Amino acid sequence: MKSFLVIGIGKFGQHLCRSLSKYKCEIMAVDNDKEDIESVLPYVVSAKVGNCTNIDVLRSFDVDKFDCCFVCTGGNFQASLEITDLLKELGAKKIYSKAETDIQAKFLLKNGADAIIFPEKDAAVRLAAVESSDNIFEYVNLYSDYSVFEISCRPSWIGKSIIELNIRKEYDLNILGIKPKDNGLIPNPPIDYVFKEGDHCMVFGTFKAVNRVEKLK
């Protein structure tokens, strides 16, 4: 069972605690606002009220014992920067720090963050990707230009199989799953799967590749 330290229990911190609790993780939540801490009591094994810009407060948590530390303080970038730096100094194994801008991310990475959380930016990118197209229904960015997309089956694919269309070679996309109309999900579909009207495809690739497919009739 993994253990996590979540510092800053605003809206994002609350959602994070709830989500982690679903995976049976051990969570310690810390904030300087007692009311915010009370909001996550059902989801955490330990909750503390304290100022984490104070190294003695952080030291009392044995931060090096946690699998990962999340710095979710919002509205006070100086505090986020100080907490990130102190966590690194105290030997935290992995640190995720929340940022609102690329400049903030740059400084957080220089001061000990292993990865940056962009809640607003990530949500905006996903929403833009989905709503800018009539054929993209879900979007999850994985790395650089590569993402997972849920797209509609193109009309010219109906009645043909995955191997017949040679989708990986012809369109530079890997099919991870098929969502038949009103019938769940088929993960890792066989290469002889024949596309039907209403099918959605879960594909891995780039926006450029998906845009090419969108233009197909």
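Computed from a predicted model, the values in this text were never measured in an experiment.
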Atom of I27, atom of V44 and distance for their closest heavy-atom approach: O-CB, 3.4 Å
Please check this pair: side chain of Q104 against backbone of E100, looking for a donor-acceptor N/O pair closer than 3.5 Å. yes
Could you check whether any side-chain heavy atom of Y96 comes within less than 4.5 Å of a side-chain heavy atom of T84, counting everything from C-beta outward? no
With rounding to the nearest 0.5 Å, note down the distance linking CG in L176 to CD1 in I186. 13.5 Å
If only side-chain N and O atoms count, and only distance matters, is there a donor-acceptor pair under 3.5 Å linking S97 with S80? no
From the options D67, L5, V45, select the one residue that forms a side chain to side chain contact (heavy atoms under 4.5 Å, CB included) with E26. V45
Let me confirm one number: the SG-NZ distance from C72 to K11, rounded to the nearest 0.5 Å. 15.0 Å
Please enumerate all residues that pass ring-ring contact (aromatic ring centres under 6.0 Å, His included) together with F118, with sequence neighbours excluded. none
Residues D114 and K88 bridged, charged N to O under 4.0 Å: yes
Nearest 0.5 Å, please: how far is NZ in K106 from OG1 in T101? 11.0 Å
Distance-only, no hydrogens or angles: does the S60 side chain make a donor-acceptor pair with backbone N or O of V57 under 3.5 Å? yes
With a 3.5 Å distance limit and no angle check, can you tell me whether D36 reaches the backbone of G10 through a side-chain donor-acceptor pair? no
Between side-chain atoms of residues 188-198 and protein atoms elsewhere (two or more places apart, or another chain), which donor-acceptor pairs fall under 3.5 Å?
{"unit_1": "Y193", "atom_1": "OH", "unit_2": "D199", "atom_2": "OD2", "d": "2.8"}
{"unit_1": "K196", "atom_1": "NZ", "unit_2": "V194", "atom_2": "O", "d": "3.3"}

Tell me the closest heavy-atom pair linking L108 and A99, and the distance in Å. CD1-CB, 3.9 Å
Can you sort out the partners of Y139 under ring-ring contact (aromatic ring centres under 6.0 Å, His included), two or more places apart, ordered by chain and number? F149, F207
Single-linkage hydrophobic cluster I136~I175, side-chain heavy atoms < 4.5 angstrom: yes
Distance, nearest 0.5 Å, that separates CG of N111 from CG of L81: 4.5 Å
